[in-house]
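Values below: all heavy atoms of this structure, side chains included; hydrogens, waters and symmetry mates excluded. In this text, all values refer to a predicted model and were calculated from it rather than measured experimentally. Convention: sequence-line order gives letters A, B, ...; per-chain numbering from 1.
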There are 2 protein chains.
Amino acid sequence: MNVLEKIVNNVNSFSKSERKVADVILANPQITIHSSIAALAKMADVSEPTVNRFCRRLDTKGFPDFKLHLAQSLANGTPYVNRHVEEEDGPEAYTAKIFESTMAALDTARTRVDINTINRAVDVLTQAKKISFFGLGASASVAHDAQNKFFRFNVPVVCFDDIVMQRMSAINSAEGDVVVCISHTGRTKNLCDIAAIARENDATVIGITSYESPLAKECTLVLSLDVPEDTDMYMPMASRVAQLVLIDILATGFTLRRGSKFRENLKKVKDSLRGSRFEKKDLAN
Amino acid sequence: MNVLEKIVNNVNSFSKSERKVADVILANPQITIHSSIAALAKMADVSEPTVNRFCRRLDTKGFPDFKLHLAQSLANGTPYVNRHVEEEDGPEAYTAKIFESTMAALDTARTRVDINTINRAVDVLTQAKKISFFGLGASASVAHDAQNKFFRFNVPVVCFDDIVMQRMSAINSAEGDVVVCISHTGRTKNLCDIAAIARENDATVIGITSYESPLAKECTLVLSLDVPEDTDMYMPMASRVAQLVLIDILATGFTLRRGSKFRENLKKVKDSLRGSRFEKKDLAN
DNA sequence: CGCATTCTGTAATTTAATTACAAGATCTTC
DNA sequence: GAAGATCTTGTAATTAAATTACAGAATGCG
């Protein structure tokens with residue numbers, strides 16, 4: 001439990017001097033963690049042992065241990081918060097807000113994602129005869145990114161952002177094929193159809209979508225992130241970043257499953273890009 | 001800055017004994033904060049002053065101060081210090097690591113990005129007669145995403161991931177046109193050519209790329225993120241997420257600059273998607 | 001009012017951390 | 001490849017910090 005809260009809660013059970021200590025600490029927590037017991041005693045106008053007793057009362061081993069707990073409480077105080085961009089925000093403000101809300105979204109996604117499902121998805125992907133990534137609109141770029149990643153693995157992989165192509169591809173799918181449908185809301189009708197068609201043709205369908213959405217119902221495996229989206233901007237932002245990170249995770253799981261020998265393959269792909277580049281190594285585009 | 005990251009980043013500048021200390025701390029951060037300098041010295045099999053020197057090298061006042069910083073780092077929820085995915089990592093481990101390293105990358109990007117340049121880029125984009133997004137390989141999906149965003153603004157926007165199309169498009173550009181070239185390394189020859197051609201034809205070229213890269217030299221405006229990329233995986237991951245967030249920022253800046261009336265336009269675009277969806281509102285795909 | 005209990009401070013003690021210094025290792029340069 | 005220089009590292013001494021023991025106040029209760 002947070003030490004600061006603990007102090008506030010127990011404030012009544014303190015003695016007069018202990019209360020003086022509590023007040024000083026609550027007023028200057030940042031200063032406290034960088035003070036010695038002597039300095040703090042002076043600030044609170046009490047003796048050093050009183051400070052020490054105060055710390056013990058809060059179930060810490062002593063003053064240094066108390067400072068440690070206090071430091072942690074302070075650090076926990078301001079995690080990533082989802083801050084909304086407002087009309088009058090200047091460049092510093094909206095830049096900071098977007099970075100922070102994206103990080104907040106990833107933080108949420110991290111706790112909500114189901115590791116088990118990830119593991120099963122990786123299983124399915126490593127054994128796939130063919131992998132297809134389908135997405136529409138904003139999710140199309142996520143699908144493209146996924147293709148770019150899995151393509152490096154030298155696995156048959158396709159990606160379509162065209163409904164007709166998706167449909168044809170889905171109809172031609174067969175057992176052992178994996179179809180990954182990407183949609184934040186999971187309510188895009190066309191994509192639900194695609195998922196249904198693929199399933200009817202015995203493909204395994206992985207949905208990167210919202211839990212309990214119409215699309216989710218059509219899938220064999222659902223990877224849901226349920227990231228809070230700032231709808232003020234009328235654009236998908238954080239949700240799509242979370243989807244990309246999920247793709248990274250699946251791709252990483254894939255390479256790990258394939259073992260170290262496989263990694264050499266990746267290096268070859270990376271090295272192949274060298275010719276198109278100006279000196280120096282490195283792979284990203 | 002996070003002490004744990006600092007240790008990981010500076011691991012090369014450490015001496016042999018200091019490195020032993022670093023290893024022990026990274027392996028047992030929780031134990032470290034509850035140990036005395038003597039205990040830690042013993043664990044690392046070095047002398048106490050060595051531990052002290054190690055702490056000083058990390059810009060802390062000494063061992064107790066170092067423990068305070070470490071406690072705060074741990075409180076922020078970073079159990080996986082070594083964020084690099086390793087061969088033997090299970091699904092929980094690599095999932096957590098990828099989320100964390102992506103968040104860390106965004107945190108770095110946030111501090112490194114130049115707000116002034118962002119502001120100028122937004123300026124240029126709002127006044128553009130036409131906007132083009134060009135990227136190759138992994139950056140192509142970022143370009144697609146950017147197109148999807150800016151397309152909603154009802155501005156002439158194109159996006160090509162084909163060198164020939166990019167080239168033709170660049171040659172046809174004119175004053176008032178804005179070309180955005182996306183490349184993490186900034187060393188993709190073809191894209192450098194495109195940037196040069198666009199500039200020769202009086203277009204404004206914005207580079208989302210590494211600072212001081214060949215591509216950066218060809219650009220009117222350079223938006224560099226300089227995110228550390230984990231090259232172990234031979235795939236661009238964190239860098240590309242940072243690029244996307246940058247696109248979000250530019251798009252947000254764009255809408256804010258255009259004022260509230262413009263926002264209604266966005267709502268219209270969003271609403272137009274409703275027909276393709278199953279009940280409920282919301283826009284993302 | 002006086003005894004008992006709790007609280008608080010002084011001083012002593014212990015423990016921990018830091019500094020000073022010297023020996024050892026490593027790296028250069030001739 | 002040896003001599004000098006520089007950088008590392010450990011031992012021992014010193015200093016600083018925290019804790020304990022104890023005693024004197026304060027407060028509460030009969």
For each nucleotide in nucleotides 4-18 of chain C, reading 5' to 3', give B when a protein heavy atom comes within less than 4.0 Å of its base, S when such contact involves only the sugar-phosphate, and - otherwise. ---SBBB------SB

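Remark: A:R53 does not engage A:E18 in a salt bridge, criterion side-chain N to carboxylate O under 4.0 Å. Between A:E100 and B:R110 there is a salt bridge, since a side-chain N of the basic residue sits under 4.0 Å from a carboxylate O of the acidic one.
The local environment of CZ in B:R120 is sparse, with at most 12 non-hydrogen atoms from other residues, nucleotides or ligands closer than 6.0 Å.
For B:A44 against B:V24, the heavy-atom pair with the smallest separation is CA-CG2, 3.6 Å.
Relative ring orientation between A:F153 and A:F254 is described as parallel, the plane-to-plane angle staying below 30° on a 0-90° scale split at 30° and 60°.
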